[in-house]
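A, B, ... follow the sequence lines: proteins, then strands. Residue 1 opens every chain. What you see is a predicted model, and the numbers here were worked out from it, not measured in a lab.
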Number of protein chains: 2
Amino acid sequence: MRGFDQSLPMALLKAREAAMSRFRPLMADHDLTEQQWRVLRALAAVDDPIDVGELVDRTVLLGPSLSRILVNLDHRGLIDRTVAAHDQRRTLVSLTALGESLVSRVAPHSEEAYHQIETAYGTDRLHRLLGELSALETALATPPSPTRSTEGTP
Amino acid sequence: MRGFDQSLPMALLKAREAAMSRFRPLMADHDLTEQQWRVLRALAAVDDPIDVGELVDRTVLLGPSLSRILVNLDHRGLIDRTVAAHDQRRTLVSLTALGESLVSRVAPHSEEAYHQIETAYGTDRLHRLLGELSALETALATPPSPTRSTEGTP
DNA sequence: TATTGTTATACTCTATAACTATA
DNA sequence: TATAGTTATAGAGTATAACAATA
């Protein structure tokens with residue numbers, strides 16, 4: 001087996017850990033977990049309310065995890081949840097004014113941390129890396145070619 | 001704030017999630033969590049027993065998490081733990097024959113998944129990406145330059 | 001009958017602190 | 001007094017299944 005250091009998941013984990021160490025203190029200042037912040041940022045990035053299923057995709061969280069996080073953020077007055085008019089099974093989620101205000105307060109510090117990363121690693125280089133990560137995701141999104149041994153198994 | 005899609009932590013998370021989806025089934029087949037497998041792989045990658053502190057660094061796990069994982073793997077007969085002769089505070093960890101055998105059984109499937117990733121994304125390209133991730137980690141390992149506003153705070 | 005979202009349940013990991021033993 | 005590791009504790013997320021409401 002290839003070396004542990006050459007493991008792609010491990011390399012991605014370590015890189016992410018290094019990056020998150022710059023952002024985690026900002027979230028802690030506002031009593032937000034990493035996942036809660038992901039939800040708030042995803043909501044801040046869209047203009048219109050989006051449903052829970054779309055949030056699942058954008059935040060890379062499981063449905064049950066997201067459900068509980070939404071309850072939490074709702075209780076804190078940071079988000080609104082309304083039933084969609086055109087399909088009453090769907091829940092539309094959006095930031096409240098309070099939620100937007102919170103994101104706005106964290107944003108400049110987040111931007112500063114990002115700037116530090118660009119300075120340390122290189123702005124263009126970081127941009128290229130993001131492109132490669134996106135390409136990797138696309139390449140892996142295509143399901144693996146089934147091995148003959150399991151093909152046709154019921 | 002920059003777009004959610006251009007967030008480095010998010011891009012690393014999604015890429016990792018895409019990669020892990022190829023490996024996770026292999027671990028599930030042997031009732032191993034992702035973290036337990038990280039420990040076994042880290043141990044398989046070294047020739048001599050290593051202490052817990054070194055394992056913490058190599059696996060990117062917290063001490064208490066690792067401690068409990070080691071208890072679990074010990075009970076399953078996959079690892080040995082012995083007190084270091086030169087410093088009795090240290091615990092040296094190594095794979096048992098059973099542990100090595102388990103890693104050996106998983107390895108070929110892991111290698112196959114890796115090969116699929118290389119095929120989908122490109123072998124050289126993947127190699128370059130690993131280099132960039134390592135460089136990013138190094139760049140971020142240097143602590144951020146302190147901002148003037150917090151400098152000198154007791 | 002299928003889909004959307006929530007709830008139930010069991011398990012694991014995270015994170016911080018406190019503790020034990022050794023240096 | 002400092003260090004290595006474990007144990008304690010609280011909290012959150014993961015993962016699967018089951019469920020209610022709607023389509």
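With sequence neighbours excluded, no residue forms a side-chain contact (heavy atoms from CB on, under 4.5 Å) with B:S67. Listed by chain and residue number, A:S101 satisfy the side chain to side chain donor-acceptor pair (under 3.5 Å) test with A:R105 (two or more places apart in sequence, or in another chain). Not a single side chain to side chain donor-acceptor pair (under 3.5 Å) links A:D29 to another residue, sequence neighbours left out. Here A:Q35 pairs with A:T33, A:R38, A:L61, A:I69 under the side-chain contact (heavy atoms from CB on, under 4.5 Å) rule; sequence neighbours left out.
Shown for residues 30-54 of chain B: residues whose heavy atoms fall under 4.0 angstrom of DNA chain D, namely B:D51, B:V52, B:G53. Within residues 65-89 of chain A, the residues that place at least one heavy atom under 4.0 Å from DNA chain D are, in residue-number order, A:S65, A:I69, A:D87, A:Q88, A:R89.
The CG atom of A:L62 sits 18 Å away from the P atom of C:dA8 (whole-angstrom rounding). With rounding to whole Å, B:L13 atom CG is found 9 Å from D:dT14 atom P. Summarising the geometry, the separation between CZ on A:R24 and P on C:dC13 is reported as 17 Å, rounded to the nearest angstrom. Atom-to-atom, CG of A:L61 to P of D:dA12 comes out at 14 Å; the value is rounded to the nearest Å. We find that CE of A:M27 is positioned 15 Å from C1' of C:dA15, with the value rounded to whole Å.
Ionic pairing of A:R16 and B:E137 is not present here: no N-O contact between side-chain nitrogen and carboxylate oxygen is shorter than 4.0 angstrom. Salt-bridge annotation for A:R22 and A:E112: absent, with no side-chain N of the basic residue lying under 4.0 Å from a carboxylate O of the acidic one. With respect to the salt-bridge test (charged N to carboxylate O, under 4.0 angstrom), the residues A:E132 and B:R125 qualify.
Listed nucleotides D:dA4, C:dT14, C:dA15 differ in distance to B:R90; the shortest reach to its side chain belongs to D:dA4.
Counting heavy-atom neighbours within 6.0 Å of B:H127 NE2, excluding the residue itself, gives a total of 12 or less.
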